[in-house]
Every structure is written in structure tokens, then in C-alpha cells.
Amino acid sequence: MINFTGQTLAITGAASGIGAAVARLFHQHGANLVLIDRQEDALAALADALGTKDRVMVCPLDVTQAGLLEAAFEQTQSRFGGIDHLVPAAGIYRPAPMATMTDAEWAATISINLDAVFRTCRAALPHLRDGGSIVNIASIAGHRGSASHTHYSASKGAILAFSRALAGEVAPRLRVNTVSPGIIATPMTTDLVRDRGERLLAQTPLGRFGTADEVAGVIAFLCSNLASFVTGETIHVNGGLYMAS
Ligand SMILES: NC(=O)c1ccc[n+]([C@@H]2O[C@H](COP(=O)([O-])OP(=O)(O)OC[C@H]3O[C@@H](n4cnc5c(N)ncnc54)[C@H](O)[C@@H]3O)[C@@H](O)[C@H]2O)c1
């Protein structure tokens, strides 16, 4: 039912976790890939593992640096003729209690998790082909907050509103949706799982953490024709943690 042959996915945060899982799944379903991340070696390793070099373009860059995304998408236009699916997945999750949070800590999180999503979408818009779709990644923290992560929670709450506003603006040409993952086992959550894992597991009806592949599956669904009448929506992927809390 899902076939991305001849279509192009541009994804940031592609070198790790959810971004890498999305890249692998779309590749498996025939998509061309534009892999963006600041971890150059990990990007190259992913591209090598995927194999088919003619369908994979690697863009090692920092999404907060002005002008680089625009250049990458110009290159995408020449190489693949445009973009069909955009997933800005680059993000950081760093603890910083409110009382001692510095301006720099606040700004670092907002600049990657929110500003760069805006800039990624803006840079991609002229290249997104009719019928294309954007899936942004929020978080359960954007709905219920995450202690010692006010900056992260604020950025993800903003992503929910940003995506709904954008969905209205670019319809009917494009669809824009959001996934809100709960606790997904990736490098991002290693410390969280170590410090608060037991308590979070006890609150999760499905009794385990999610996998990056399980988030990727929902993103692929939202980009596919199976979701052709779905826009401006958020799908929670959290094993029931949000519903139960
Ligand atoms: N893992 C979870 O439990 C979880 C839950 C909710 C939301 N999310 C969100 O999902 C997305 C992916 O998270 P993940 O779990 O795969 O994390 P991850 O740490 O495994 O991957 C994040 C990737 O983003 C890249 N990145 C960070 N800053 C960048 C920058 N300035 N420029 C370019 N690349 C940059 C990193 O190099 C890394 O490869 C993030 O937006 C995250 O907030 C994750």
C-alpha cells in the first residue's frame, strides 16, 4: 500500500534515531533520499549501509547555519527534480533546570528544535511538489511538559501550533502533520531512561519504550496516499503514556 518510488524524501537529523529509521523505511519503499545532519561520519555510514548511491544524496550540515538548507534544496532540485516529503527531525533534548538555565542553553534548544524547523520548511517550500507532505516531530513534552526541560517543552508545543498554521496555509497543495512521540529508545533518551525509566515504564500501558521504527511507520503512513485526507493533525506514538497520565 505504501510506494514512494520516484518520490524524494528530505530529512534532517538523518544520522541517528528516528531520522535514520525514517530514511531506511522510505528507502525500502523506493524513495530517493536527501540525508541532512551535522554528524558527517554517521551520515556517510548510513548512506553506505543503504547501498544504492544513485538514490541517496548526503548533506552534512548544521541546520542552524543560515543559507545551507537553501543550498542543499537547490542541489536536491537539480538532482531529483524536487521534494515530495519533508521531515525535519533534527533535535536536541538537554536537561537544564529553570532556575539556573542560561540564555545560551535556552537559545540552543529553541534554535534547533523550533527556529531550524521553520527555516527547513521555508527553504523546502519552493521545491515541494504538488501533493507533497511535511511531517514535523513534536513530543509528549509539548503536551504535558517535561520537568527540567522547559525549553524543550516550549519548542515542541510551538511545533504543534506551527504545523497546524502551516497546514492551513499550504493547503490544498501540500499536507502538514505532526507526530508526537513518547519515550522512544534512541541516543536522545539514554540519560532519561537511566534516570526516570522505571517510573515512566510503570506509567506506560504497553509496558515498554517505543522504537524508532515504530515512529517511522507512522511518519510513512502520514506521507503516503493512505493519509491523503489527513492534514493539520497530530498522531501520538507513546504506548499509551499520554492517555494514561
Ligand atoms: N527519542 C524520543 O523519545 C523522542 C521523543 C519525542 C520527540 N523526539 C524528537 O524526535 C526527533 C529525533 O530524535 P531522536 O530520538 O532520533 O534523537 P537522536 O539524538 O537520535 O537524533 C537527533 C539527530 O539530530 C541531529 N542534529 C541535532 N542538532 C543538529 C543540528 N544543529 N544540525 C544538524 N543535525 C542536528 C543529531 O546529529 C542527531 O543525528 C527530535 O526532534 C526529537 O526531539 C524524540
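Ligands are counted one by one from 1 in listed order, and the atoms in each one are counted from 1 as well.
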Contacts of type ring pair (Phe, Tyr, Trp, His ring centres under 6.0 Å), residue H151, not counting sequence neighbours =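 Result, ring pair (Phe, Tyr, Trp, His ring centres under 6.0 Å) vs H151: none returned.
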Return the set of residues passing salt bridge (Lys or Arg N to Asp or Glu O under 4.0 Å) with D191 (not counting sequence neighbours), or none when no residue passes.
->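 Checked D191 against salt bridge (Lys or Arg N to Asp or Glu O under 4.0 Å); matches are R194.
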R94: salt bridge (Lys or Arg N to Asp or Glu O under 4.0 Å) partners, not counting sequence neighbours =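 For R94 there are no salt bridge (Lys or Arg N to Asp or Glu O under 4.0 Å) partners, ignoring immediate neighbours.
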Would R175 and E233 pass as an ion pair if we require N to O under 4.0 Å?
->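 Result for this pair is no, no salt bridge flagged.
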N/O to N/O under 3.5 Å, ligand 1 against protein:
from, atom 1, to, atom 2, distance (Å)
ligand 1, 1 (N), I184, O, 3.3
ligand 1, 1 (N), T186, OG1, 3.2
ligand 1, 3 (O), G182, O, 3.2
ligand 1, 3 (O), I184, N, 2.8
ligand 1, 3 (O), I184, O, 3.3
ligand 1, 15 (O), T186, OG1, 2.6
ligand 1, 16 (O), I18, N, 2.7
ligand 1, 20 (O), S16, OG, 2.6
ligand 1, 28 (N), R38, NE, 3.4
ligand 1, 28 (N), R38, NH2, 3.3
ligand 1, 31 (N), R38, NH1, 3.4
ligand 1, 31 (N), D62, OD1, 2.9
ligand 1, 32 (N), V63, N, 2.9
ligand 1, 34 (N), R38, N, 3.3
ligand 1, 37 (O), D37, OD1, 2.6
ligand 1, 37 (O), Q39, NE2, 3.0
ligand 1, 39 (O), D37, OD1, 3.4
ligand 1, 39 (O), D37, OD2, 2.7
ligand 1, 39 (O), Q39, NE2, 3.1
ligand 1, 41 (O), A89, O, 3.2
ligand 1, 41 (O), K156, NZ, 3.0
ligand 1, 43 (O), Y152, OH, 2.7
ligand 1, 43 (O), K156, NZ, 3.0

Over 60° means perpendicular and under 30° means parallel, so classify the ring planes of H143 and Y242, tilted if in between.
->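 Tilted.
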How are the rings of Y93 and Y152 set relative to one another: parallel (under 30°), tilted (30 to 60°) or perpendicular (over 60°)?
->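 Rings of Y93 and Y152: perpendicular, over 60°.
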